[in-house]
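Predicted model, so just to flag it, every value in this text is computed and none were measured.
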Amino acid sequence: MNIRRFFLQFLPRYAVGRMVIYAKLMRIDKPIGTLLLLWPTYWALWIASKGVPDVDIFIAFTAGTFLMRSAGCVVNDFADRNFDGAVERTKNRPFAKGLVSKTEALLLTVMLCLMAALCLVPLNRFTWLMSLPALFLAVTYPFTKRFFPLPQFYLGLAFSFGIPMAFAAVQGRVPPEAWLMFTANALWTLAYDTIYAMADKEDDLKIGIKTSAITFGYHDISATMLCHFWFTVLMAVLGIKIGATWPYWLVLPITAYWQCQQYAAIRTRDRQLCFQTFLANNRIGLAWFCGLVCHYFWLFLVSKLF
């Protein structure tokens with residue numbers, strides 16, 4: 001009777017509690033990372049498919065991006081388990097509060113990676129091969145903060161690999177435009193994640209980990225804005241390459257205006273303002289995606305009218 005009572009009353013409650021902790025470990029409550037990964041992947045899908053991506057491929061990349069970002073968050077917290085308690089912004093994470101074990105985190109990571117691998121099933125073998133370096137970058141990034149002076153650049157590589165994978169899935173090849181987008185996105189990631197690192201700069205200096213904000217030192221703001229500038233320039237070059245129409249070009253001055261706003265915000269070096277500025281980069285990714293969707297929709301309208 002006691003065993004039955006345990007299964008009926010206490011086990012479900014325990015399971016729900018663990019699921020809540022795992023969800024926090026995966027950052028399900030903070031989708032900004034997933035969105036910043038999805039936008040460049042969607043850019044690539046729309047360009048590779050000329051504005052009409054297959055539903056199966058779209059769903060596979062959307063689900064795979066969510067799962068791999070979740071796995072990356074778990075690995076990140078595992079790698080930073082001895083540091084997060086000393087950082088104001090991360091002191092309430094599950095590992096920092098002792099709510100999850102190393103074994104649980106590793107098993108959760110394996111499960112998420114296996115689920116992400118299932119998303120590759122409807123895709124071609126070239127995409128499967130492209131997923132291997134993407135997986136390597138995703139799971140090794142958290143450990144680069146121990147020795148690499150620009151871990152945010154390494155993150156940029158990881159966050160950009162959905163671009164060549166999307167082209168591989170749609171076209172079976174990776175054209176020069178894909179690598180142009182890859183470079184642009186890596187620079188954009190370096191820019192916004194340096195801003196993110198600026199919010200934690202004081203804590204990171206105390207605990208001794210490396211970030212681009214620390215490496216750039218007093219020139220962190222200049223380096224960030226330089227990355228933003230070249231990101232926008234490369235997106236303009238991409239527009240020329242794909243023969244972009246007016247909706248795409250409309251995003252260019254909007255992006256430049258938002259980047260100027262970011263400069264004004266991070267000049268204060270206020271921790272909360274830097275973090276809010278990092279979050280604001282989501283709208284830049286969304287704006288470029290909307291520009292691409294409208295560009296291909298405009299081409300469709302023109303082809304039907306004329």
Side-chain angles (χ1 to χ4, degrees), residues 31-32 34-66 119-124 126-127 130 159-189 191-192 228-262 279-306:
I32 181 64
T34 301
L35 292 171
L36 291 172
L37 263 170
L38 275 176
W39 297 133
T41 304
Y42 285 170
W43 304 342
L45 283 175
W46 253 254
I47 292 177
S49 63
K50 306 297 182 184
V52 191
D54 290 343
V55 175
D56 290 348
I57 295 178
F58 178 81
I59 293 174
F61 272 90
T62 301
T65 297
F66 167 76
C119 297
L120 296 171
V121 171
L123 308 178
N124 58 46
F126 186 32
T127 311
M130 293 292 291
F159 266 41
S160 301
F161 235 91
I163 294 170
M165 284 182 65
F167 275 90
V170 175
Q171 299 184 0
R173 66 190 186 97
V174 184
E177 291 79 9
W179 296 116
L180 176 64
M181 293 176 67
F182 183 96
T183 305
N185 191 66
L187 289 170
W188 181 43
T189 307
Y192 66 64
H228 265 316
F229 170 78
W230 282 111
F231 160 67
T232 306
V233 168
L234 291 178
M235 292 300 284
V237 174
L238 177 66
I240 296 171
K241 290 282 187 181
I242 66 172
T245 51
W246 66 269
Y248 182 92
W249 295 113
L250 188 62
V251 180
L252 195 66
I254 295 174
T255 299
Y257 172 71
W258 284 339
Q259 289 170 338
C260 290
Q261 285 187 323
Q262 290 193 25
L279 295 175
N281 279 276
N282 179 54
R283 62 183 180 181
I284 291 180
L286 173 60
W288 282 113
F289 174 61
C290 290
L292 280 166
V293 171
C294 293
H295 156 65
Y296 285 108
F297 183 67
W298 177 258
L299 289 179
F300 171 77
L301 286 179
V302 170
S303 67
K304 292 298 182 182
L305 292 174
F306 301 100

Run the side-chain contact (heavy atoms from CB on, under 4.5 Å) check on Leu38 and Phe289 step by step: do they pass? CA-CA 10 Å; Leu38 275 176; Phe289 174 61; over 6 Å; no
Holding to side-chain hydrogen bond (donor to acceptor under 3.5 Å, both in side chains), I want the full list of residues that pass it with Thr127, two or more places apart in sequence or in another chain. Asn124
List in chain and number order the residues that pass side-chain hydrogen bond (donor to acceptor under 3.5 Å, both in side chains) with His228, two or more places apart in sequence or in another chain; answer none if no residue qualifies. Gln259, Gln262
Counterpart residues, side-chain contact (heavy atoms from CB on, under 4.5 Å), relative to [X] (two or more places apart):
X: Pro175; result: Phe167, Gln171, Arg173, Glu177, Ala178
X: Phe229; result: Val233
X: Val302; result: Trp298, Phe306

What is the minimum heavy-atom distance between Met130 and Ala168, and which atoms define it? CG-CB, 4.1 Å
Report the residues that fulfil ring pair (Phe, Tyr, Trp, His ring centres under 6.0 Å) with Trp230, sequence neighbours left out, ordered by chain and then residue number. none
Sorted by first residue and then second, give each side-chain hydrogen bond (donor to acceptor under 3.5 Å, both in side chains) pair with at least one member in residues 43-66; sequence neighbours left out. Tyr42-Thr62
side-chain hydrogen bond (donor to acceptor under 3.5 Å, both in side chains) partners of residues 282-297, not counting sequence neighbours, each pair once: Trp39-Asn282, Thr245-His295, Thr255-Trp288, Gln261-Arg283
Starting at CG of Leu286, measure out to SG of Cys290 and round the result to the nearest 0.5 Å. 4.0 Å
From CA spacing to verdict: side-chain contact (heavy atoms from CB on, under 4.5 Å), Leu123, Met165: CA-CA 10 Å; Leu123 308 178; Met165 284 182 65; 5.8 Å; no
Can you find a heavy atom in the side chain of Tyr192 that is under 4.5 Å from one in the side chain of Ile284? no
Do Phe159 and Pro40 make a side-chain contact, defined as non-hydrogen atoms from C-beta onward lying under 4.5 Å apart? no
